[in-house]
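Below is one structure, written out as structure tokens; comments come after it.
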Amino acid sequence: NTYLKDIFILLLIMRDLFEISKKYSIDKLLMHTYIDLYNFLFKEFDVKNMLEIGIGLGKHENEMKNNINKDYIAGNSLLCWKEYFVNARIHGIDIVNTERFSTDDNIYTYICDQSSKNQLKELVKKTGDFDLIIDDGSHQYEHQKISLETLIFHVKQNGIYIIEDVYERHFERLYKLVDIDSTTKEYIIKNFEINSYVDEEIRTKYRTHIMENFKQYVVVFKHKNNQG
């Protein structure tokens, strides 16, 4: 049936994370190689509830407009995830408020400081536990550590917790859980596989900007019940 075949091809195109990321000009594609990883990692991943730490307001938005794409708007990554994870509730936090998604039925934004365990705990009371968490917040090691120690307990049993933009000088400490409190460390080792991905300084089909001599990593905590 030609009609059904055309529909199937259209659905595959719509599901293409590279094309969706390009549509919204997100830095995970244009400045990094993270979408290469996510296109593989999320292929069979059913996400109903996700959180992204960092909406990209303020300085980041200005840098993206001036250097990457003048049409970029903070929060575009939330739109990207909404289009890719079609059945998901998308939550985003930042320390700066945005009204951009105030009328959106599937995107919810909150003022929340990722360096505050109390604020993160209050957030989870509103959102519930997550299938997917992506930390693209301040990129400061101490903040990444605090968020992990607080939110890893709120990743569902098939879920994934991702920390982006881990600086080379902090990578080993985070990957090996050196400074993580003993209770959290034991919980992670028991329940999660830990993997890492290097953001290579290479030109790709989509990447338009390379930060030379500035190696960064992604650390992925994948629940052992996730067989994808």
Side-chain angles (χ1 to χ4, degrees), residues 24 26-28 34 38 41-42 45-61 73-166 174 177 179-181 183-185 187-188 191-192 194 218-223 225-226:
Y24 292 109
I26 67 172
D27 63 341
K28 301 178 199 301
Y34 300 160
Y38 297 161
L41 192 62
F42 300 158
F45 191 28
D46 183 24
V47 173
K48 295 292 194 299
N49 203 39
M50 79 162 285
L51 169 67
E52 182 158 38
I53 300 172
I55 298 174
L57 297 159
K59 180 181 177 182
H60 177 78
E61 182 174 25
I73 303 175
N76 272 10
S77 62
L78 300 180
L79 291 171
C80 173
W81 299 129
K82 175 186 175 181
E83 189 166 325
Y84 187 71
F85 297 120
V86 293
N87 297 313
R89 292 165 63 93
I90 312 297
H91 305 275
I93 66 170
D94 210 305
I95 58 173
V96 182
N97 189 30
T98 177
E99 298 294 332
R100 182 180 182 190
F101 306 106
S102 59
T103 60
D104 195 293
D105 292 334
N106 293 95
I107 296 178
Y108 308 86
T109 58
Y110 314 82
I111 297 177
C112 181
D113 187 342
Q114 75 168 125
S115 69
S116 169
K117 289 190 175 186
N118 288 335
Q119 289 188 31
L120 293 171
K121 289 175 182 178
E122 288 300 313
L123 171 74
V124 175
K125 291 179 182 178
K126 301 173 186 175
T127 62
D129 292 346
F130 302 102
D131 302 293
L132 173 64
I133 296 175
I134 298 177
D135 182 349
D136 186 18
S138 71
H139 309 160
Q140 295 182 38
Y141 172 67
E142 188 62 27
H143 296 177
Q144 293 168 333
K145 171 181 170 293
I146 290 170
S147 297
L148 178 65
E149 289 177 334
T150 309
L151 294 174
I152 194 69
F153 296 99
H154 299 284
V155 174
K156 295 180 184 178
Q157 287 198 1
N158 70 327
I160 299 174
Y161 189 111
I162 297 170
I163 306 176
E164 294 182 348
D165 304 311
V166 178
L174 194 57
L177 308 176
D179 302 311
I180 301 299
D181 72 75
T183 301
T184 307
K185 184 174 182 177
Y187 178 80
I188 291 174
N191 293 285
F192 291 84
I194 308 174
V218 176
V219 181
V220 179
F221 301 85
K222 185 177 181 181
H223 201 285
N225 285 351
N226 186 315

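What you see below is based on every heavy atom in this structure, not just the backbone, and it leaves out hydrogens, waters and symmetry mates. This one's a predicted model, so the numbers in the text were calculated from it and none came from an experiment.
Side-chain contact between V218 and V166 is absent, with no heavy-atom pair separated by less than 4.5 Å. Two residues are said to be in side-chain contact when any heavy atoms from C-beta on lie closer than 4.5 Å; I134 and L51 fail this criterion. For the pair I162/V219, no side-chain contact is recorded, criterion being any heavy-atom separation below 4.5 Å from C-beta on. Side chains of I93 and L123 form a contact here, defined as non-hydrogen atoms less than 4.5 Å apart. Here the side chains of E164 and K28 are in contact, with some heavy-atom distance below 4.5 Å. In this structure the side chain of W81 reaches within 4.5 angstrom of the side chain of Y38, judged on heavy atoms. Between K117 and I146, the closest side-chain pair of non-hydrogen atoms falls below 4.5 Å. Side-chain contact check for D165 versus D136: some heavy-atom pair is nearer than 4.5 Å.
Y108 has its ring centre no less than 6.0 Å from the ring centre of F101. A distance below 6.0 Å separates the ring centres of F42 and F85.
Between H223 and N158, the side chains place no donor N or O within less than 3.5 Å of an acceptor N or O (distance only, hydrogens not considered). Side chain to side chain, S138 and H143 meet the donor-acceptor criterion of an N or O pair below 3.5 Å.
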Side chain to side chain contact (heavy atoms under 4.5 Å, CB included) evaluation trace for V220 with I160
CA-CA 7 Å; V220 179; I160 299 174; 3.8 Å; yes
Worked check of side chain to side chain donor-acceptor pair (under 3.5 Å) between D179 and Y141:
CA-CA 10 Å; D179 302 311; Y141 172 67; 2.5 Å; yes
Using the side chain to side chain donor-acceptor pair (under 3.5 Å) rule, take S115 and D113 through it: C-alpha gap first, then chi angles, then the decisive distance, then the call.
CA-CA 5 Å; S115 69; D113 187 342; 2.7 Å; yes
V124 vs D129, test: side chain to side chain contact (heavy atoms under 4.5 Å, CB included). Steps then yes/no.
CA-CA 7 Å; V124 175; D129 292 346; 3.9 Å; yes
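Taking CZ of F221 as the reference point, atom CG of L151 lies at 12.0 Å (rounded to 0.5 Å). Separating the CD atom in E149 from the CD1 atom in I180 is a distance of 4.5 Å, to the nearest 0.5 Å. Residue H91 holds its NE2 atom at 10.0 Å from CG of N106, rounded to the nearest 0.5 Å. Atom-to-atom distance recorded for Y34:OH and I26:CD1 is 11.5 Å, nearest 0.5 angstrom. In this structure, CG on N97 lies 4.0 Å from CD1 on I111, to the nearest 0.5 angstrom. Rounded to the nearest 0.5 angstrom, Q114 CD and Q119 CD are separated by 11.0 Å.
Within a 6.0 Å sphere centred on CD1 of I95, heavy atoms belonging to other residues, nucleotides or ligands number 12 at most.
Distance alone, capped at 3.5 Å, is enough to place a donor-acceptor pair between the S102 side chain and the E99 backbone. Without hydrogens or angle criteria, R100 side chain to A74 main chain gives a donor-acceptor distance under 3.5 Å. A donor-acceptor contact shorter than 3.5 Å links the side chain of Y161 to the backbone of L148.
Minimum heavy-atom separation, L120 to C112: CD2-SG, 3.8 Å.
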